[in-house]
Amino acid sequence: MSTFLKLLEDVRRGGQGFGFTARIAGASPALAMLAVLPGLRPDLVEAASGAADAVGLEASLAEARAGDSALSRCVAAAGKKPCGLWLTSTGGEELPSDDWLRKAGVDFVVVSPEHPATMLTLDVAKLAQARLDMDPMDVRALDAVAVDGLIIPGVAEGPTGLSIAQAARYRLFAGLTGKPILVTVSASQGRAELRPLMQVGVDGVVLTPAALGEDKQGIGRALARLKDEIVALGPRRVAKARGGASAPLLPLVSADAPDSGQEEEGE
């Protein structure tokens, strides 16, 4: 199983610690953090991998195949952190063998719904980009094919930040799919906006090259600051389903629903 997908599933089940203790014990964070970097640059990967939970490389499939040695160096620079490809284009060329990316050490790929369907055959985890205004039926359709999670454009820059409408939309998406949901954010987000993302069922945040830039020290500082904000959220609270099982989201309670005492009495 993809290392990054395993982390996202652990996030959904809730962290077991916070603050400095969480960092030592390796407890799951309240939100996973994916840093996406431009091109195949091992120096930027090394700068990002200290704080990020996973690293993505923004490149076309042709660039990744032509730069096998650069790709290998990036994977090595990530250390034990999962390293993936954020595919800007498939280039219209013949796709590599199913297991080429896995053999290259790539843990996951980020694809677009417009990419060829043959991308679904690649033997790595696949995260699909989705639009915030996507029709719910299209979200269900993506959920039904061989993608392992969704990445959605996130919090808008500006004084208002995350709006109630955006938060509601993320909650809708999370309810439509049983797969992880990630949202793009800016490097300046604080816990006041990260907390509602967590509460509506978002599993991870993504920082794109536009948010991080290309300065190694700047990337390291930005990711370390955001990591501290995530750690400060504390453990992820997971609702308990009947029978003691963990549910991934806090349930939506209908005003017409009977309380638990009435239901048990009826049974």
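One-based numbering along the sequence shown.
Contacts classified as salt bridge (charged side-chain N to carboxylate O under 4.0 Å, His left out) and involving residues 140-153 (residues at least two apart or in different chains) are given here: Asp143-Lys179. Residue pairs that meet the salt bridge (charged side-chain N to carboxylate O under 4.0 Å, His left out) test with at least one member in residues 29-39, sequence neighbours left out, do not exist here. Residue pairs that meet the salt bridge (charged side-chain N to carboxylate O under 4.0 Å, His left out) test with at least one member in residues 70-80, sequence neighbours left out, do not exist here.
With sequence neighbours left out, the salt bridge (Lys or Arg N to Asp or Glu O under 4.0 Å) criterion links Lys103 to Asp99. Partners of Ser2 under the side chain to side chain donor-acceptor pair (under 3.5 Å) rule, at least two apart in sequence or in another chain, are Asp107. Among residues two or more places apart in sequence or in another chain, the salt bridge (Lys or Arg N to Asp or Glu O under 4.0 Å) test is passed with Lys81 by none. Shown here are the salt bridge (Lys or Arg N to Asp or Glu O under 4.0 Å) partners of Arg221, two or more places apart in sequence or in another chain: there are none. Every salt bridge (Lys or Arg N to Asp or Glu O under 4.0 Å) that Arg191 has, sequence neighbours left out, goes to Glu229. With sequence neighbours excluded, the residues forming a side chain to side chain contact (heavy atoms under 4.5 Å, CB included) with Leu172 are Pro136, Arg169, Leu176, listed by chain and number. Phe4 pairs by the ring-ring contact (aromatic ring centres under 6.0 Å, His included) definition with Phe108, not counting sequence neighbours. With sequence neighbours excluded, the residues satisfying side chain to side chain contact (heavy atoms under 4.5 Å, CB included) with Asp135 are Met137, Asp138.
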Solution key, residues 32-43 side-chain donor-acceptor pairs under 3.5 Å, sequence neighbours excluded:
{"residue": "Arg41", "atom": "NE", "partner": "Asp43", "partner atom": "OD1", "Å": "3.4"}
{"residue": "Arg41", "atom": "NH1", "partner": "Glu214", "partner atom": "OE1", "Å": "3.0"}
{"residue": "Arg41", "atom": "NH2", "partner": "Asp43", "partner atom": "OD2", "Å": "3.0"}

